Amino acid sequence: MDINAVNALSYEDFLEIFGNVIEKCPIIPAAIWIHRPFTGLADIEAHISDFINSLPESGKEGILRCHPDLAGRELQSGALTRDSQEEQRAAGFTDLQPAEVSRMRSLNSEYKERFGFPFVICARLNTKRDIMRELLQRLGNDRAAERARAIGEVKKICALRLRSLVLSDSANKL
Ligand SMILES: NC(=O)N[C@H]1NC(=O)NC1=O
């Protein structure tokens, strides 16, 4: 699907296809649809980024809270979105040893206790080892720095989801 095809979509179809580029936050693609015609993927990304940046800190934290834990209960019960499932698989979280699951669960709990939102990182750009190391390291951040860091990761996840929708062969058939 090229950018002209994206620009020709009705908002219903746009939302159907791009509704989860920010995990469980369809309001974001719904809001930026008004900026068509987009000049390219980078333009869509920039509008999403501007929208997120314009939110109050509580809104940014709300976006973070829409993300499932890595190696959490939703992965175990098969309740993840398809995007998140594929991302967690790519990072190796579908093949964890029981001890690794316990370690991730306890680090995720500690993180949530400290910051009030879940630990978010772009799983496709990291291995499970990198992720556990980052989680430990980021636990030492202050809340504002950590919120900004996590929102940066949300934007990376979005960029990769957008690329796979617009550039993949299966999307060409839409
Ligand atoms: N918690 C968290 O980082 N979740 C995610 N990361 C990612 O790449 N996909 C997700 O769902």
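Predicted, not measured: the structure shown is a model, and the values here were computed from it. Start at 1 and go down the list; that is how both ligands and their atoms are numbered.
A continuous path of hydrophobic side-chain contacts links L96 to L75 [ILVMFWY only; heavy atoms under 4.5 Å].
Within the 3.5 Å criterion, the main-chain N or O of G72 finds no donor-acceptor partner in the side chain of N108. Listed for the R163 side chain is a donor-acceptor partner under 3.5 Å among the backbone atoms of A159. The backbone N or O of A5 lies less than 3.5 Å from a partner atom in the side chain of D2, making a donor-acceptor pair.
The neighbour count for R36 CZ, taken as heavy atoms of other residues, nucleotides or ligands under 6.0 Å away, is above 12. Residue-environment remark: CG (L136) exceeds the threshold of 12 foreign heavy atoms within 6.0 Å.
The residues lining ligand 1, counting any heavy atom closer than 4.0 Å, are P68, L70, S84, E87, F119, V120, I121, C122, A123, I157.
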